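The structure displayed is predicted, hence computed values, not measured ones.
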Amino acid sequence: MTTLTKELLLQIVPQARATTLSLDKVVEELNATFTNQIHGVDFSTKNRQAAFLSQIAVESWYFKELEENLHYSAQGLLATFPHHFDQTNVAQYANQPQKIANRAYANILGNGDEASGEGYKFRGRGMIQLTGKYNYQKCGEFLSMDLVTTPDLLCSVPGAVEAAVWFWNFRNCNKWADLNNIIEVTKLINGGLGSIRERESIYEQAKLLL
């Protein structure tokens with residue numbers, strides 16, 4: 001298999017040209033991942049590498065975002081979080097990211113209630129948008145990081161990639177990558193099939209070039 005370079009990454013994910021992140025750092029972390037140097041998780045096959053790359057590329061909006069964008073309008077809130085917002089309350093939350101997260105992520109994934117502020121504290125971060133206090137705790141234990149106290153560690157490229165490795169391993173995504181089943185991998189990562197065509201395209205390109 002081919003060692004990843006910045007030039008090769010841009011052939012696989014050309015949308016990454018618009019990032020403000022250091023692609024050199026992204027490539028460094030991915031190469032460490034693919035040579036199984038990150039906490040011993042096995043990425044030794046082309047299928048696993050291509051599947052991982054396709055998922056983190058799309059989940060991070062092509063390596064442009066390491067933190068969840070919660071700047072929702074009223075219309076966006078009604079469409080995205082219909083179980084939490086309706087016409088009676090949406091105006092109180094629209095365009096207020098902290099308030100939105102505290103309501104939308106209250107009392108799930110180990111978070112406290114809306115007043116606890118944990119919805120916003122443990123909002124989506126990393127290459128795979130890790131969300132919720134429970135996941136931050138478990139990921140931190142795996143990575144030997146105190147992510148509950150310092151969740152913004154996942155907004156650095158190393159932390160963002162390592163958290164994605166933890167989540168990948170936690171959901172046993174290698175099982176489906178080995179079967180060339182990007183649909184099942186996407187369900188495990190995304191919870192649905194969001195942007196499946198983009199994921200499949202990057203996956204096939206990565207398999208061709210890696």
- May I have the step-by-step check of salt bridge (Lys or Arg N to Asp or Glu O under 4.0 Å) for Arg197 and Glu200, ending in yes or no? CA-CA 5 Å; Arg197 295 293 169 253; Glu200 289 176 333; 2.8 Å; yes
- Would you please test Ser73 and Gln75 for side chain to side chain donor-acceptor pair (under 3.5 Å) and show each step? CA-CA 5 Å; Ser73 64; Gln75 184 178 2; 5.3 Å; no
- Would Asn47 and Thr45 count as a side chain to side chain donor-acceptor pair (under 3.5 Å) if you check the C-alpha gap in whole Å, the side-chain angles of each, and the deciding distance to 0.1 Å? CA-CA 5 Å; Asn47 273 23; Thr45 71; 5.9 Å; no
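With a 6.0 Å radius and a threshold of 12 heavy atoms from other residues, nucleotides or ligands, Lys207 has its NZ atom above the threshold. When the shell of 6.0 Å around NZ of Lys138 is examined, it contains 12 or fewer heavy atoms from other residues, nucleotides or ligands.
Shortest non-hydrogen contact noted between Pro151 and Val148 is CD-O, 3.8 Å. The nearest pair of heavy atoms linking Ala101 to Leu70 is CB-CD1, 3.7 Å.
In this structure, Lys133 contributes its side chain and Gly112 its backbone to no donor-acceptor pair below 3.5 Å. At distances below 3.5 Å, at least one donor-acceptor pair connects side-chain atoms of Gln129 with backbone N or O atoms of Glu68. Between the side chain of Arg199 and the backbone N or O of Val58, no donor-acceptor pair lies under 3.5 Å. Listed for the Tyr136 side chain is no donor-acceptor partner under 3.5 Å among the backbone atoms of Thr150. Side chain of Lys6 to main chain of Val27: no donor-acceptor pair is present (N/O by atom type, distance under 3.5 Å, no hydrogens or angles). Asn169 places no side-chain N or O within donor-acceptor distance of the main-chain N or O of Val41, the cut-off being under 3.5 Å. With Asn190 contributing its side chain and Thr186 its backbone, the two residues share no donor-acceptor pair below 3.5 Å. Judged purely by atom type and a 3.5 angstrom limit, Asn102 has no side-chain atom pairing as donor or acceptor with the backbone of Lys99.
The ring of Phe81 has its center closer than 6.0 angstrom to the ring center of Tyr72.
By the 4.5 Å heavy-atom criterion applied to side chains, Trp176 and Leu188 are counted as neighbours. Glu28 places a side-chain heavy atom less than 4.5 Å from the side chain of Lys25. Residues Trp168 and Asn174 form a side-chain contact, since some pair of their non-hydrogen atoms from C-beta on lies under 4.5 Å apart. Proximity of Phe63 to Leu9: side-chain heavy atoms (C-beta onward) are separated by under 4.5 Å at one or more points. In this structure, Ser22 and Val157 have side chains that are not in contact, with every pair of non-hydrogen atoms separated by 4.5 Å or more.
Under the 30°/60° scheme for interplanar angles, the aromatic rings of His39 and Phe142 are found to be tilted. Taking the six-membered ring where the residue is Trp, Phe43 and Phe34 present tilted rings, their angle falling between 30° and 60°. Aromatic ring orientation, Phe170 versus Trp166: parallel (interplanar angle below 30°, classes split at 30° and 60°).
Comment: Lys187 engages Glu184 in a salt bridge, judged by a side-chain N to carboxylate O separation of less than 4.0 angstrom.
Between Leu77 atom CG and Arg103 atom CZ the span is 10.5 Å, to the nearest 0.5 Å.
When hydrophobic clusters are built by joining Ile, Leu, Val, Met, Phe, Trp and Tyr residues whose side-chain heavy atoms come closer than 4.5 Å, directly or via intermediates, Leu66 is not grouped with Tyr105.
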